[in-house]
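Remarks on the structure that follows.
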Amino acid sequence: MKRVIFLLLIVIIGFIGAGCKGKAGQGPAAKGAVTTELESSDGEPAYGDALIEGSIGEPSILIPMLASDSASHSVAGQVFNGLVKYDTDLSITGDLAESWDISPDGLIITFHLRKGVKWTDGIEFTADDLMFGYKTIIDEKTPTPNKEDYLQVKKAEVLDKYTFRVTYEKPFAPALASWGNAVVLPKHLLEGKDITKIDFARNPIGMGPYIFKRWTSGQEVVLDSNKDYFEGRPYIDRYVYKIIPDSATMFLGLQAGDVDMMGLTPIQYTKQTNTKFFKENFQKFRYPMPSYTYMGFNLKHPFFKDKRVRQAIAHAIDKNEIVDVVLFGLGSSATGPYVPNTWYYNPDVKDYEHNPALAKELLKEAGWEDTDGDGLVDKEGQPFEFTILTNMGNSLRNNTATIIQWRLAKIGIKVQIRLLEWSTFINEFIDKRRFQAVILGWSLGFEPDQYDIWHSGKTGEKELNFVSYNNAEVDSLLEAGRRTFNMAERKKAYYRIQEILADELPYIFLYVPNATPIVHSRFKGIKPTPIGISYNFHKWYVPKKMQRHSMMEQ
Amino acid sequence: MLTYLVKRILGMIPTLLGITLLSFFIIHLAPGKPTDVMTEMNPKITPEAREKLEKYYGLDKPIYVQYGMWLKRIVKMDFGESFSTDRRPVIEKIWDTKQKLIDRRLFITFFINLLSMFFIFIIAIPIGIFSATHQHSMFDNISTVFWFIGFAMPSFWFALLLMMFFGIYLDWLPISGFKSMNYESLTLPGQIWDRTRHLILPVFVSSFGGVAGYSRYMRSSMLEVIRQDYITTARAKGLSERTVIYKHALRNSLLTIITLLGLSVPGLIGGSVIFENIFSIPGMGQLFYMSVMTRDYPLVLCILTITAILTLVGNLMADIGYMFADPRIRAK
């Protein structure tokens with residue numbers, strides 16, 4: 001008996017040993033080879049190879065209008081196109097629509113569709129498909145959080161095979177961008193079917209640069225290039241969306257050659273990828289994300305009613321310090337609710353430099369002074385003491401709160417920090433207005449309309465002006481900005497809003513984080529712009545000599 | 001014996017009901033709703049839209065009504081549809097008949113745990129016996145220290161170390177996933193080999209802690225037994241040491257291990273949640289983690305029910321194993 005067990009052990013050890021030897025030298029991770037290849041020149045664009053993108057989350061559904069998570073949208077975005085899209089300068093340009101006319105009163109938008117675009121099953125794409133998609137999304141029975149923009153449409157009509165017209169009740173500038181979300185669906189495949197119960201959701205047919213091939217739950221989604229894509233055949237033959245739920249594992253996968261592209265955390269970007277290996281094999285990118293983090297005040301609270309108090313707090317905080325410490329420098333300080341390098345961003349608004357002396361002065365003006373010598377400023381016998389709430393599990397926000405706590409202590413304000421689980425935070429504190437100050441973030445895309453956040457009519461429960469900001473001029477400017485399609489007029493309105501917000505400070509705008517993707521250096525043709533890097537994914541290529549994966553498998 | 005078994009199985013039903021009841025209420029007690037992911041802090045959502053979504057998922061009804069509805073469906077073996085946007089039946093997510101057996105989530109988790117149990121058994125028992133029979137020897141001392149380190153080490157951290165060493169430094173084994181990029185183009189033996197290579201690290205990590213624990217149990221249980229009078233009797237009547245240990249002592253010392261193995265099922269499945277996430281193994285543990293995060297109630301409850309059933313079955317098997325090993329119980 002003893003011998004049998006001993007033998008079994010030997011067999012197992014031998015088995016593991018053999019397993020280890022099997023791979024040496026084969027497989028994609030033969031690093032030496034890659035390095036030498038890279039020394040050769042850029043090379044011509046060529047078809048072939050595959051890109052593997054790592055993702056923490058798994059897509060849930062590949063019909064864009066039903067999806068509500070970013071993983072689903074990024075995969076579905078390769079399979080479907082919208083009518084319009086953002087150009088690299090953030091203006092709106094045609095995609096499936098070749099052009100469009102907006103009536104002078106701004107109520108009617110007429111889209112002229114591109115001719116000859118085909119669904120990948122060979123049927124031509126027409127205005128009927130668009131109508132079908134529109135009708136599906138506004139249908140009562142379609143469960144989706146994305147329908148709001150389309151419910152604004154008063155009338156939609158198909159004029160001919162390539163012309164589609166929508167009429168709005170009131171002019172609505174964000175409407176144009178909303179048609180960039182892929183609302184089109186193949187009518188010939190889906191008509192009369194219940195959209196929530198179809199195989200199409202996991203096996204979609206689109207007209208985008210890539211064709212859906214396979215989805216293995218929990219592992220990967222595989223797309224192959226659409227050789228008949230209307231903007232030309234994509235160079236990279238295959239796109240693999242690989243699901244790796246643990247970010248440390250994904251980072252190891254990058255080094256082992258399992259992953260070609262992923263988003264890095266600040267520490268990975270600044271510290272862990274500075275080795276020779278990464279410099280030789282990878283290219284890193286960095287651009288502002290369309291989002292910002294802020295500290296918002298409850299403007300109904302007696303402490304924060306006075307603008308001077310808010311300005312004092314702004315002067316006490318050093319935003320650059322927060323960017324350096326919390327984001328490892330991978331971001332920029334924010335001056336308003338918009339991201340730098342966008343057409344609606346006003347570069348001339350006043351920023352609050354770090355100046356504790358001035359902060360103290362402002363507090364004094366507002367009646368806050370340390371009268372009893374305990375180190376805290378007080379007014380009418382009440383010391384200045386408040387709590388910042390933020391959500392649990394977000395170390396960036398938590399660290400930001402800690403730095404603010406320390407900075408405010410220096411001007412005599414005592415801050416408590418309380419971390420709350422997300423749902424509790426929103427349902428019990430934000431919605432019920434039970435807070436003094438919060439640290440939160442907004443991520444809003446490239447549409448400047450922020451009516452829901454700043455308009456004084458949006459302060460009800462569950463509405464987003466939860467700080468109860470109320471300014472008549474801002475209200476009318478918000479209204480003006482969404483009621484015209486004229487870029488110059490919109491710009492004027494949004495510039496002015498930024499000036500007012502910078503002066504009144506309903507929030508202290510803290511920072512705009514950077515997106516920090518990393519891509520293997522064999523991929524060429526990547527051009528970073530304000531809208532990121534993946535907008536021209538179908539034009540990325542790998543020179544023939546550097547190609548790693550051959551598409552033998554059919 | 002048959003009546004005993006029937007009684008045991010019938011006794012499992014109320015236990016199972018109790019478990020589902022508790023699970024149902026506990027998961028609903030956690031703050032947040034499945035619709036939160038879609039609706040909270042989303043500028044594009046109106047209150048009416050939110051209500052509609054909640055109604056769509058049946059979340060507007062009182063919780064006991066929701067439980068009643070859920071139970072009614074479960075009796076018919078219908079676990080309902082997932083609350084995530086894809087609305088697939090939850091059973092299909094766990095046991096997708098369109099996929100090959102090896103790619104079905106429940107199978108993957110079950111298979112890996114079975115493998116781990118197997119390795120735990122065949123490694124921990126010999127080590128435990130050897131440590132006990134050579135108490136205070138060099139081997140015993142070293143293995144004591146070694147296994148205590150193993151027991152104390154967090155498995156996610158250990159896994160990352162192994163991945164760095166075998167996956168990047170030596171480049172022998174794949175880091176994560178359950179198959180390679182070129183899997184479809186491999187021959188059948190190649191495919192089996194590919195899967196095996198992907199399984200080595202996860203199975204090693206998931207059985208390592210188990211081996212550490214069970215070898216200790218085995219050691220102490222063996223030490224206990226060899227101090228008994230009947231072992232002295234066995235030795236006194238001139239049996240060889242081998243017969244004494246493997247024939248008389250082993251069977252009795254295994255009783256503890258059998259009980260523990262029966263109880264280890266929930267622990268193993270809990271462990272799956274961790275290592276399946278780290279190694280990107282598309283099993284039930286990974287799905288469970290994701291479903292809890294999105295408050296996908298039907299999916300969470302389905303997995304909890306399956307786990308409960310597996311645990312109860314594990315206990316039953318332990319009892320049956322006990323009957324074989326212990327004649328005193330068989331006699332009853």
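Just so we're clear, the structure is a prediction, and the values are computed from it rather than from any experiment. Quick note on labels: first sequence line is chain A, next is B, and so on, each numbered from 1.
- For the atom pair CG (A/D246) and CG (B/L160), the distance works out to 6.0 Å, reported to the nearest 0.5 Å.
- In this structure, no portion of B/K100 lies under 4.5 Å from any heavy atom of chain A.
- Contact annotation for A/E428: neither backbone nor side-chain heavy atoms come within less than 4.5 Å of a heavy atom of chain B.
- Distance check, rounded to the nearest 0.5 Å: CE of A/M250 to OG of B/S176 gives 9.0 Å.
- Looking at A/L62, there are no atoms closer than 4.5 Å to chain B (heavy atoms on both sides), in backbone or side chain.
- Taking CD from A/E58 and CD from B/Q286, the interatomic distance works out to 7.0 Å, rounded to the nearest 0.5 Å.
- From B/Y183, atom OH reaches atom CD of A/E220 across 11.5 Å, with rounding to the nearest 0.5 Å.
- Side-chain atoms of A/T249 come within 3.5 Å of backbone N or O of B/I278 as a donor-acceptor pair.
- Put simply, of A/S217, A/A201, A/G253, the one with the most heavy-atom pairs under 4.5 Å next to chain B is A/S217.
- Dense packing is recorded around CZ of B/F158, with more than 12 heavy atoms of other residues, nucleotides or ligands lying under 6.0 Å away.
- Other residues, nucleotides and ligands contribute over 12 non-hydrogen atoms within 6.0 Å of the CD atom of B/E241.
- Neither the backbone nor the side chain of A/V222 comes within less than 4.5 Å of any heavy atom of chain B.
- Not a single ring pair (Phe, Tyr, Trp, His ring centres under 6.0 Å) links B/F110 to another residue, sequence neighbours left out.
- Of the listed residues (B/M290, B/R88, B/M164), the greatest number of heavy-atom pairs within a distance under 4.5 Å of chain A belongs to B/R88.
- In this structure, CG in A/L252 is found 4.5 Å from CD1 in B/I168, a value given to the nearest 0.5 Å.
- Separation of atoms NZ (B/K179) and OG1 (A/T216) is listed at 4.0 Å; rounding is to 0.5 Å.
- Remark: A/D199 engages no residue in a side-chain hydrogen bond (donor to acceptor under 3.5 Å, both in side chains) (not counting sequence neighbours).
- By number of non-hydrogen pairs under 4.5 angstrom with chain A, the leading residue of B/K93, B/E81, B/R105, B/R104 is B/R105.
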